[in-house]
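Single-structure report; data block below.
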2 protein chains.
Amino acid sequence: MGAPKHSPAFDEARADDEADEGAVMTTRTSRALDHPAREEIRLEGVLHAFSDPMRLLIVRALAAEAEAAQSCSVFDLPVSKSTLTHHFRVLRENGVINQIYRGTAKMNSLRRDDLDALFPGLLDSVLTAYASQSARIGDGRDQAAEG
Amino acid sequence: MGAPKHSPAFDEARADDEADEGAVMTTRTSRALDHPAREEIRLEGVLHAFSDPMRLLIVRALAAEAEAAQSCSVFDLPVSKSTLTHHFRVLRENGVINQIYRGTAKMNSLRRDDLDALFPGLLDSVLTAYASQSARIGDGRDQAAEG
DNA sequence: CTGCTCATACGATAACCCTCGTACTACGAC
DNA sequence: GTCGTAGTACGAGGGTTATCGTATGAGCAG
């Protein structure tokens with residue numbers, strides 16, 4: 001699989017678009033994260049990102065709160081923080097999510113516009129399919145009682 | 001990936017043909033291949049099966065000739081026979097395709113009914129997305145000349 | 001400044017995947 | 001029976017992934 005390797009190149013901080021009228025504006029989102037451009041997103045990469053149960057969980061949670069980005073820590077997943085960081089990175093590098101720093105937190109949101117533009121219906125199909133499957137067999141979180 | 005591990009005692013299908021117990025034997029395809037039942041098909045597995053370029057090629061070819069199953073050898077893929085067998089197995093074990101023996105040949109067909117029933121729209125989304133992406137950047141087969 | 005929290009980086013480990021070549025079996029034709 | 005064709009099994013290689021623990025850096029509250 002020719003997944004994109006981790007490139008050490010970092011873009012300059014161009015996160016100064018949010019004009020802050022507040023008094024406190026010491027430092028805001030100085031670190032930048034590199035996301036693939038819309039044209040760079042590959043179907044295989046997106047499908048690979050979707051093919052992990054943990055990441056499917058994340059995507060579903062993100063889709064449920066599409067209007068508001070969420071920090072990495074609001075997810076109640078049975079993995080360590082390191083693993084979570086890994087999964088978020090996979091999702092970001094494959095163009096599935098957008099991550100921006102906001103103070104110490106990092107807010108995540110689905111790149112719905114890009115995915116819908118590139119692969120119409122795909123994200124919805126996957127989300128619907130996942131919901132349907134979770135209803136059938138549970139998703140390993142709180143559906144443990146199926147007998 | 002935490003999805004289905006490969007058990008060491010998995011490939012028992014060939015010895016389990018049970019043809020002697022009054023089987024009708026209308027055809028000589030005594031070798032049986034184990035496919036997951038519809039309820040056994042997992043979304044992660046299907047997405048994983050789709051997340052490989054070679055398998056995407058196979059799925060597209062199968063979808064193009066949906067009415068007729070095709071043997072493994074009609075695919076003109078730049079991989080060895082062993083690798084092809086591997087990919088077909090992944091597709092079969094994840095519920096994407098159906099394989100039946102027909103003499104020395106093995107006919108492959110998409111499990112469209114099952115996939116559509118379980119995950120409505122997913123297969124079409126993937127096929128459409130793949131066609132669209134192939135038109136954009138080529139898939140290494142027939143879109144090589146874009147200039 | 002010190003401490004705290006969020007998240008990353010860095011190894012490290014174990015498992016997995018894609019690819020291959022070679023040897024083998026199953027089926028049909030001669 | 002012998003041969004050829006279609007596909008598998010086995011075992012290996014090289015690379016990737018998922019998971020973890022621990023150490024580190026960035027930002028905020030005292």
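Basis for what follows: all heavy atoms, side chains included, without hydrogens, waters or symmetry-related copies.
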d([atom1], [X]; [atom2], [N]) in whole Å:
X      : N      : atom1 : atom2 : result
A/I58  : C/dA7  : CD1   : P     : 12 Å
A/M107 : C/dC6  : CE    : P     : 12 Å
A/E93  : D/dT16 : CD    : P     : 13 Å
A/K81  : C/dA9  : NZ    : P     : 13 Å
B/N108 : D/dG7  : CG    : P     : 8 Å
A/R92  : C/dA7  : CZ    : P     : 13 Å
A/F88  : C/dA7  : CZ    : C1'   : 11 Å
B/R89  : D/dA6  : CZ    : P     : 20 Å

Options [options], nucleotide nearest the side-chain atoms of [X]:
X      : options                : value
A/D52  : D/dA18, C/dC18, C/dA7  : D/dA18
A/V79  : C/dC6, D/dA6, D/dT19   : D/dT19
B/H87  : D/dC20, D/dG7, C/dC18  : C/dC18
A/H48  : D/dT17, C/dC18, C/dA9  : D/dT17
B/M54  : C/dT19, D/dA18, C/dA7  : C/dT19
A/Y101 : C/dA7, D/dT17, C/dC18  : C/dA7
B/S80  : C/dA9, C/dC20, D/dG7   : C/dC20
A/T83  : C/dT19, D/dC20, D/dA18 : D/dC20

>> Using the ring pair (Phe, Tyr, Trp, His ring centres under 6.0 Å) criterion, which residues pair with A/F119? Sequence neighbours excluded.
In response: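 Scan of A/F119 (ring pair (Phe, Tyr, Trp, His ring centres under 6.0 Å), adjacent residues dropped) gives none.
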
> Considering residues at least two apart in sequence or located in another chain, which fulfil the side chain to side chain donor-acceptor pair (under 3.5 Å) criterion with A/T83?
Replying inline: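 For A/T83 the side chain to side chain donor-acceptor pair (under 3.5 Å) partners, ignoring immediate neighbours, are A/S80.
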
> Does the distance from a Lys or Arg side-chain N to an Asp or Glu carboxylate O, for B/D116 and B/R111, drop under 4.0 Å?
Replying inline: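 The answer is no: the pair does not qualify as a salt bridge.
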
>> Please report the interatomic distance CG(B/L122) to CZ(A/F50), rounded to the nearest 0.5 Å.
In response: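 Going from the CG atom of B/L122 to the CZ atom of A/F50 covers 10.0 Å.
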
>> So, taking the atom named CG in B/L56 and the one named CG in B/D52, what distance separates them when rounded to the nearest 0.5 Å?
In response: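 One gets 8.0 Å once the value is rounded to the nearest 0.5 Å.
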
> Does a distance-only test, which skips hydrogens and angles, find a donor-acceptor pair under 3.5 Å between the side chain of B/T85 and the base of D/dG7?
Replying inline: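 No, the side chain and the base share no sub-3.5 Å donor-acceptor pair.
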
> Does the base of C/dA7 carry an N or O that pairs as donor and acceptor with the side chain of A/S82 under 3.5 Å?
Replying inline: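 Flag unset: no donor-acceptor pair detected.
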
> Is the distance from OP1 or OP2 of C/dG28 to the nearest side-chain N or O of B/R102 less than 4.0 Å?
Replying inline: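 Negative; the distance criterion is not met.
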
> So what does B/H86 hit on the nucleic acid, given a heavy-atom distance under 4.0 Å: a base, only sugar-phosphate, or nothing?
Replying inline: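 Base, at least one base atom sits under 4.0 Å.
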
